[in-house]
Trainee: 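Pasting in a structure now, in structure tokens, and then I'll have a few things to ask.
Along the sequence shown, residues carry numbers from 1.
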Amino acid sequence: MILYPAIDLKDGNAVRLVHGDMTQETVFNENPAAQALEFVNAGCEWLHLVDLNGAFEGEPVNAAPVEAILEQCNVPAQLGGGIRDMATIERWIDKGLARVILGTVAVENPDLVREAAKEFPGKVAVGIDARNGRVATKGWATETDVMVTDLAKSFEDAGVAAIIYTDIMRDGAMKGPNVQATADLGNAVSIPVIASGGVSSLDDLRALKTCGAPLNGAISGRALYDGAIDLVQALQVMKD
């Protein structure tokens with residue numbers, strides 16, 4: 001399994017939110033590119049980037065720090081937040097982004113996901129953010145009636161590279177991931193699933209590894225910044 005360290009970008013800084021609440025932020029690094037390099041130098045093979053402002057505003061806002069990360073780091077990176085049209089997808093991939101994450105548009109414009117996955121094979125992931133089993137969009141501010149598994153299954157034949165599944169109520173709360181829901185999703189679809197939200201200990205990573213579903217990896221943010229997870233040990237757990 002792959003460990004994806006998360007760099008959440010807000011107003012140019014690397015931050016973490018609690019439950020996706022933009023008013024509950026902790027700034028961990030005012031230089032996101034330096035933070036990304038720390039992760040890479042420790043042995044991380046991927047980076048997970050989120051443009052938080054972009055997720056709310058519907059267009060990229062933190063482009064400068066993302067571009068700096070792409071220029072300075074020699075590992076693949078995936079980015080979500082405010083990517084809602086083909087031109088933006090193309091622009092990011094041209095800039096060297098390995099994978100774009102489509103969240104809100106996966107609900108509102110699934111045809112765009114299909115078109116992008118066909119145009120850029122292996123470079124389009126779907127971000128499914130859930131509250132009580134239902135999908136939330138627009139930076140988690142809008143709850144829909146769409147069920148997580150139904151949305152994931154609708155992209156089975158689209159050529160999507162991965163599904164990033166986040167349980168909003170666990171995100172940034174350091175209470176552990178929703179292992180059962182993640183496993184259920186991983187077993188329901190053939191698309192690789194990446195776990196996100198609440199990963200706060202080495203035991204959480206072990207639980208995801210042994211959950212009975214073929215997960216691609218796990219994303220962790222706050223626990224890496226707080227030191228609750230030792231990055232070198234975490235990478236070893238994922239490889240074992």
Side-chain angles (χ1 to χ4, degrees), residues 2 4 6-9 32 36 44-130 135-140 142 144 146-166 185-186 188-196 214-217 219:
I2 298 167
Y4 296 82
I7 300 177
D8 289 1
L9 301 162
C44 290
E45 297 173 354
W46 269 86
L47 296 169
H48 175 77
L49 314 177
V50 181
D51 182 347
L52 292 171
N53 302 100
F56 280 88
E57 297 187 26
E59 59 185 20
V61 175
N62 289 284
V66 173
E67 288 174 18
I69 289 168
L70 294 178
E71 285 170 13
Q72 295 178 40
C73 298
N74 61 352
V75 301
Q78 58 187 20
L79 170 70
I83 304 174
R84 297 181 191 168
D85 58 53
M86 204 65 179
T88 306
I89 294 167
E90 196 164 346
R91 190 161 68 245
W92 276 125
I93 290 173
D94 285 347
K95 287 182 182 294
L97 195 72
R99 195 185 282 160
V100 295
I101 304 166
L102 304 180
T104 295
V105 292
V107 177
E108 297 184 350
N109 185 7
D111 287 344
L112 176 68
V113 176
R114 295 175 177 282
E115 182 188 352
K118 191 174 179 182
E119 182 76 21
F120 303 105
K123 293 182 179 291
V124 176
V126 170
I128 300 182
D129 305 325
V135 178
T137 60
K138 297 184 171 66
W140 302 350
T142 303
T144 72
V146 180
M147 301 303 291
V148 169
T149 306
D150 292 341
L151 182 62
K153 284 183 173 178
S154 73
F155 293 115
E156 276 279 31
D157 60 347
V160 169
I163 288 173
I164 295 154
Y165 171 66
T166 305
L185 181 61
V189 294
S190 60
I191 305 166
V193 171
I194 299 169
S196 173
L215 303 181
N216 165 273
I219 293 165

Trainee: List the atom of Pro65, the atom of Pro32, and the distance in Å for their closest heavy-atom pair.
Mentor: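 Closest approach of Pro65 to Pro32: CB-CG, 4.0 Å.
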
Trainee: Quick one: closest heavy-atom pair of Lys153 and Ala188, and the distance?
Mentor: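 Shortest heavy-atom separation between Lys153 and Ala188 comes out as CE-O, 3.6 Å.
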
Trainee: Can you tell me how far CD of Glu67 sits from CH2 of Trp92, rounded to the nearest 0.5 angstrom?
Mentor: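 It is 5.0 Å, given to the nearest 0.5 Å.
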
Trainee: With the side chain counted from C-beta on, respond yes when Met86 and Glu119 share a heavy-atom pair under 4.5 Å apart, and no when they do not.
Mentor: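 Yes, side chains in contact.
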
Trainee: I'd like to know whether CD of Glu57 has more than 12 heavy-atom contacts from other residues, nucleotides or ligands below 6.0 angstrom.
Mentor: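 Counting other residues, nucleotides and ligands, CD of Glu57 exceeds 12 neighbours.
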
Trainee: Take Val135 and Val148 through the test side-chain contact (heavy atoms from CB on, under 4.5 Å) and record every step on the way to the result.
Mentor: CA-CA 6 Å; Val135 178; Val148 169; 4.3 Å; yes

Trainee: Cys73 and Ala36: which non-hydrogen atoms are nearest, and at how many Å?
Mentor: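 Looking at all heavy atoms of both residues, the shortest contact is SG-CB, 3.6 Å.
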
Trainee: What are the two closest heavy atoms between Leu52 and Asn62, and how far apart are they?
Mentor: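 Minimum heavy-atom separation between Leu52 and Asn62: N-ND2, 4.5 Å.
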
Trainee: Less than 4.5 Å apart, side chain to side chain, heavy atoms only: is that true for Ile191 and Glu156?
Mentor: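 Yes; the side chains approach each other to less than 4.5 Å.
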
Trainee: Name the residue from Ile219, Asp8, Leu79 that meets the side-chain contact (heavy atoms from CB on, under 4.5 Å) definition with Val50.
Mentor: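 Answer after filtering Ile219, Asp8, Leu79: Asp8.
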
Trainee: Are Ile101 and His48 packed together at the side-chain level, in the sense that at least one heavy-atom pair is separated by less than 4.5 angstrom?
Mentor: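 Yes, their side chains come closer than 4.5 Å.
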
Trainee: Report yes if some heavy atom in the side chain of Asp51 is under 4.5 Å from a heavy atom in the side chain of Ile83; otherwise report no.
Mentor: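 A side-chain contact is absent here, since even the closest heavy-atom pair is not under 4.5 Å.
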
Trainee: Do Val189 and Phe155 come within less than 4.5 Å of each other through their side chains, counting heavy atoms only?
Mentor: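 Answer no - side chains too far apart.
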
Trainee: Compute whether any side-chain donor of one residue and acceptor of the other, for Ser196 and Thr166, lie under 3.5 angstrom apart.
Mentor: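 There is such a pair (donor and acceptor under 3.5 Å, judged by atom type) between the side chains of Ser196 and Thr166.
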
Trainee: Looking only at non-hydrogen atoms, find the nearest pair between Gly82 and Pro60 and report the distance.
Mentor: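 Nearest pair, atom of Gly82 first, then Pro60: O-CD, 3.5 Å.
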
Trainee: Which atom names give the shortest non-hydrogen contact between Ala106 and Val126, and what distance separates them?
Mentor: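 Looks like CB-CG1, 3.8 Å.
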
Trainee: Applying side-chain contact (heavy atoms from CB on, under 4.5 Å), run through Tyr4 and Asn216 and close with a yes or a no.
Mentor: CA-CA 10 Å; Tyr4 296 82; Asn216 165 273; 2.8 Å; yes

Trainee: For residues Ile164 and Gln78, determine if any side-chain heavy atom of one lies less than 4.5 Å from a side-chain heavy atom of the other.
Mentor: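 Yes, close enough: below the 4.5 Å cut-off.
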
Trainee: Indicate yes or no: at least one non-hydrogen side-chain atom of Arg114 is less than 4.5 angstrom from one of Asp157.
Mentor: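 Yes - at least one pair of side-chain heavy atoms lies under 4.5 Å apart.
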
Trainee: Measure the shortest side-chain to side-chain distance between Ile93 and Glu90 over non-hydrogen atoms and say whether it is less than 4.5 angstrom.
Mentor: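 No. Closest side-chain heavy atoms not under 4.5 Å.
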
